[in-house]
Amino acid sequence: MTLFRLGYVAMSVNLQNASPSQTMTYKTFKQIRDRDAAIRKLERIAQSNIHNCLRLLKHNKAHDMNFFRLSSRIVPLATHEELNGWDYLSGIKDDLKELGSYAESNNMRLDFHPDHFVVLNSPDEAIFKTSMKVLKYHYLLLHQMGIDPMHRCVFHLGGRYDDKEKSLERFIENWSLVPKGIQKLVMIENDDTSYTVENCLYICEKLNIPLVFDLHHHLANHDVGDWHVYWERIMNTWSHSPLPLKMHISSPKSREDFKSHADFVDAEMFLDFVKKVNGSIEQIDCMIEAKQKDDALFRLVEDLKEHPNIIMETESSITWKD
DNA sequence: GCCCGTCAAGGAGTA
DNA sequence: TACTCCTTGACGGGC
């Protein structure tokens with residue numbers, strides 16, 4: 001029997017004034033004449049974001065949600081080249097420690113999804129270096145939180161550059177330039193335009209990286225439509241991970257706008273997945289990527305409860321009974 | 001207080 | 001080659 005644990009992304013539609021991603025753009029930063037004052041403002045924003053992350057975790061705990069993606073925008077402008085030399089951690093160490101301790105003591109799984117500007121297979125050295133900087137930022141946040149950085153950042157393989165095969169090989173070449181500590185962070189996800197599950201498996205199996213299977217992306221972009229033919233291989237990419245297999249669940253907004261995320265998740269689609277993989281592995285952590293964030297999770301749970309084969313193990317985890 | 005343009009990034013897609 | 005769009009939540013100017 002497989003335990004399916006549900007989680008959601010970055011922010012809650014239920015908590016008021018709890019944004020974990022307040023920001024200041026570089027344009028605004030530049031307009032503040034006193035640079036020290038501007039940096040102090042950035043630090044106050046970062047502290048507020050971390051404080052709101054903690055509020056979110058407490059909200060999650062109240063609903064048995066132990067799986068959560070943190071916003072990558074906790075510290076605004078942390079990786080901006082004009083702020084090189086700014087020790088952005090110094091003012092937030094205690095806040096990060098408190099956040100990490102809360103997560104650890106409540107046995108919560110936290111991770112990140114840096115945005116699509118992390119491009120490891122870029123032929124442009126400057127873009128590769130910026131990508132490293134962004135990953136290092138995530139590494140340092142986790143380190144300060146006291147969380148083992150192993151398999152905590154998921155992102156895509158990168159650009160196609162008019163030649164997918166060459167670009168896949170360039171990912172492998174560039175991987176050797178990634179510091180070992182940063183390599184440990186990485187999980188790879190199939191995307192909806194360029195790299196399919198098959199492409200990702202090629203890389204993940206070669207470089208020993210866990211594959212985060214995104215069902216919605218697979219439906220939009222695949223080599224073989226039936227994802228189940230890949231399932232054994234997907235599971236195997238997780239065999240050396242200290243964490244349970246993770247995947248992404250979302251539904252298309254509409255037939256016309258297929259790639260966009262809908263407000264909620266189609267329970268039938270999810271149930272079909274559950275039925276197919278049940279028993280294949282001990283636990284699967286399913287990240288709900290829907291516009292209505294935690295409300296989408298709550299609604300999915302309500303829909304699942306109706307099903308005769310579903311057993312609610314907690315308020316946000318289920319098993320399937322034949 | 002609401003509306004909507006702007007911000008920030010790299011790549012894909014289109015003309 | 002040059003442009004728009006994609007994505008995201010928040011900012012901030014205009015009314």
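Note on naming: letters A, B, ... go to the chains in the order of the sequence lines (proteins, then strands), and numbering restarts at 1 for each one. Because the structure is predicted, anything quoted here is derived from the model rather than measured.
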Novice: Are A/V154 and A/K246 side-chain neighbours, meaning at least one heavy-atom pair lies under 4.5 Å?
Specialist: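 A side-chain contact under 4.5 Å exists here.
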Novice: Do NZ/NE/NH1/NH2 and the carboxylate oxygens of A/K253 and A/D263 come within less than 4.0 Å?
Specialist: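 Here A/K253 does not pair with A/D263 in a salt bridge, since their nearest N and O are not under 4.0 Å apart.
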Novice: Which listed nucleotide (B/dC7, B/dG10, B/dA9) is nearest to the side chain of A/H116?
Specialist: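 Shortest atom-to-atom distance from the side chain points to B/dG10.
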Novice: Can you see if the side chain of A/K259 gets near the phosphate of B/dA12 - specifically, an N or O under 4.0 Å from OP1 or OP2?
Specialist: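 Checking B/dA12 against A/K259, no side-chain N or O comes under 4.0 Å of OP1 or OP2.
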Novice: When the nearest nucleotide of DNA chain C is assigned to A/T28 and to A/S260 on a heavy-atom basis, which residue is associated with the more 5' position?
Specialist: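 Its nucleotide being nearer the 5' end, the pick is A/S260.
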Novice: Which nucleotide in the set B/dA8, B/dA9, B/dA12 lies at the smallest distance from any side-chain heavy atom of A/K27?
Specialist: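 For A/K27, the side-chain atoms sit closest to B/dA8.
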Novice: Could you state the atom-to-atom distance from CG of A/N17 to P of C/dC11 in whole Å?
Specialist: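 Rounded to whole Å, this separation is 11 Å.
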Novice: Could you check which of B/dA9, B/dG10, C/dC11 has an atom nearest any side-chain atom of A/Q22?
Specialist: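 Minimum distance to the A/Q22 side chain belongs to C/dC11.
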Novice: To the nearest Å, how far apart are A/N221 CG and B/dG13 P?
Specialist: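 It works out to 10 Å between those atoms.
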Novice: Test the A/R160-A/Y195 pair against the cation-pi criterion, namely NZ or CZ under 6.0 angstrom from the six-membered ring centroid and within 45° of the ring axis.
Specialist: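 No, cation not above the ring by the 6.0 Å, 45° rule.
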Novice: When clusters are formed by joining ILVMFWY residues with side-chain heavy atoms under 4.5 Å apart, either directly or through shared neighbours, do A/F155 and A/L177 land in the same one?
Specialist: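 Yes, A/F155 and A/L177 fall within the same hydrophobic cluster.
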Novice: Mind checking A/S122 for me? I need base, sugar-phosphate or nothing, with any heavy atom below 4.0 Å counting as a touch.
Specialist: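 Sugar-phosphate: the residue A/S122, judged by heavy atoms under 4.0 Å, touches backbone atoms but no base.
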Novice: Tell me the interatomic distance from A/F128, atom CZ, to B/dA9, atom P, rounded to whole angstroms.
Specialist: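 These atoms are roughly 20 Å apart.
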Novice: Looking only at side-chain atoms of A/T23, point me to the closest of B/dA12, C/dA10, B/dG11.
Specialist: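 Nearest listed nucleotide: C/dA10.
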Novice: Kindly say if A/S19 contacts the phosphate of C/dG9, meaning a side-chain N or O under 4.0 Å from OP1 or OP2.
Specialist: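 A/S19 to C/dG9 OP1/OP2: no side-chain N or O under 4.0 Å.
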Novice: Looking only at heavy atoms, which two atoms of A/Q22 and A/I45 are closest? And how far apart?
Specialist: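 Heavy atoms only, the tightest pair is O-CG2, 3.3 Å.
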Novice: C/dC6 C1' sits how many Å from A/K291 NZ, rounded?
Specialist: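 Answer to the nearest Å: 11 Å.
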Novice: What is the nucleic acid contact for A/S21, judged by heavy atoms within less than 4.0 Å: base, sugar-phosphate only, or nothing?
Specialist: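 Here A/S21 touches the backbone only, sparing every base.
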Novice: Just call it for A/R73: base, sugar-phosphate, or nothing, with non-hydrogen atoms closer than 4.0 Å on any strand.
Specialist: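 Counting heavy atoms under 4.0 Å across all strands, the contact made by A/R73 includes a base.
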Novice: Could you tell me the separation between the CG atom of A/N49 and the P atom of C/dA10, rounded to a whole number of Å?
Specialist: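 Atom-to-atom, A/N49 to C/dA10, this comes out as 9 Å.
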Novice: Across the strands shown, which category fits A/M11 at heavy-atom distances under 4.0 angstrom: base, sugar-phosphate, nothing?
Specialist: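 Sugar-phosphate: the residue A/M11, judged by heavy atoms under 4.0 Å, touches backbone atoms but no base.
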Novice: Provide, to the nearest angstrom, the distance between the CG atom belonging to A/D214 and the P atom belonging to C/dT7.
Specialist: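 Between P of C/dT7 and CG of A/D214: 13 Å.
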Novice: Grab the CD1-P distance between A/I45 and B/dA8 for me, whole Å please.
Specialist: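 Nearest whole value for this atom pair: 13 Å.
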Novice: Return the value, rounded to whole Å, for the distance between atom CG of A/D191 and atom C1' of C/dT7.
Specialist: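 Distance, rounded to whole Å: 14 Å.
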